[in-house]
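Shown next, in structure tokens, is the structure this report addresses.
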Amino acid sequence: MGKDFLEYKGYYTRIEYSVEDKILFGKIEGINDLINFESVSAENIEDEFKLAVDDYLEYCKTLGVEPDKAYKGSFNVRMSPDLHRKSAIAAFKRGISLNEIISLAVDSYLKKSKINLNLAIYQSEGQKATSIATNDYVKNSRNTNISDYVMMLSPNVISKLN
């Protein structure tokens, strides 16, 4: 899977295309300031992004203000009142803050997503899989070489290799 975003000096963007205007464009994500850029050619869009970041940083320096940093670690979370109550009670029972329990939940989700969304099993001849399991599929493959197949794993996979 290819990368569908650009990163430069800790700032991020996705490139979009306007059919109406026939241009590529983007905006720096994750900051409060609005920084846009555009290009009529795919060859120049990445340079335009970098120029926009550099111009933003220089402008802030000229004004004597700190540039907005992407993803400062603070955001509002909207959830149902029931989930809010359950989360707060779980945090209270564990002696931790609601912020900490939300951070733990997000961290757990991202770790699982990284494993499950990016994992393809490639093993050398002779290594065996102990088990590969998803919600709807379980296969014990002690006698099957993993190198005989490549399996993209679903988000609910549990994988144990010898």
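Model, not experiment: these values are computed from the prediction. In this chain, residues are counted from 1 in sequence order.
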Looking at K27 and E29, is there a salt bridge between them, counting it only when a charged N and a carboxylate O are closer than 4.0 Å? yes
Could you state whether V53 and L51 fall into the same hydrophobic cluster, counting links through intermediate Ile, Leu, Val, Met, Phe, Trp or Tyr residues with side-chain heavy atoms under 4.5 angstrom apart? no
Would you please test M79 and I102 for side-chain contact (heavy atoms from CB on, under 4.5 Å) and show each step? CA-CA 11 Å; M79 63 179 71; I102 298 300; 3.8 Å; yes
Is it true that L6 and I23 fall in one hydrophobic cluster, defined by side-chain heavy atoms closer than 4.5 Å? no
Heavy-atom closest pair (A91 atom, S97 atom, distance to 0.1 Å) is CB-O, 3.7 Å
Option among I35, D68, I31 that satisfies the side-chain contact (heavy atoms from CB on, under 4.5 Å) test with Y11: I31
Spacing of I28 atom CD1 and Y56 atom OH [to the nearest 0.5 Å]: 7.5 Å
To check you understand the geometry: which heavy-atom pair defines the closest contact between A52 and F37, and what is its length? CB-CB, 4.0 Å
Taking OH in Y59 as the centre, count heavy atoms belonging to other residues, nucleotides or ligands within less than 6.0 Å. Is the count above 12? no
Over all heavy atoms of both residues, which pair between E7 and Y12 is shortest? Give the atoms and the distance, please. CG-CE2, 3.2 Å
Using a 4.5 Å cut-off on heavy atoms from C-beta on, say whether the side chain of I101 contacts that of F92. no
Rounded distance [0.5 Å steps], CD in E48 versus OG1 in T13: 12.0 Å
Ion pair present between R85 and D82, side-chain N to carboxylate O less than 4.0 angstrom? yes
Within one Ile-Leu-Val-Met-Phe-Trp-Tyr cluster: L98 and I96, side-chain cutoff 4.5 Å: yes
Restricting to pairs with a member in residues 51-65, which pass salt bridge (charged side-chain N to carboxylate O under 4.0 Å, His left out), not counting sequence neighbours? K9-D54
I need the single residue from I45, V40, N44 that forms a side-chain contact (heavy atoms from CB on, under 4.5 Å) with L24. Which is it? I45
Quick check on the hydrophobic clustering: are L57 and Y8 connected, directly or via other members, by side-chain heavy-atom contacts under 4.5 Å? yes
Give the cluster check for L104 versus L110: same hydrophobic cluster or not, with ILVMFWY residues linked at side-chain heavy-atom distances below 4.5 Å. yes
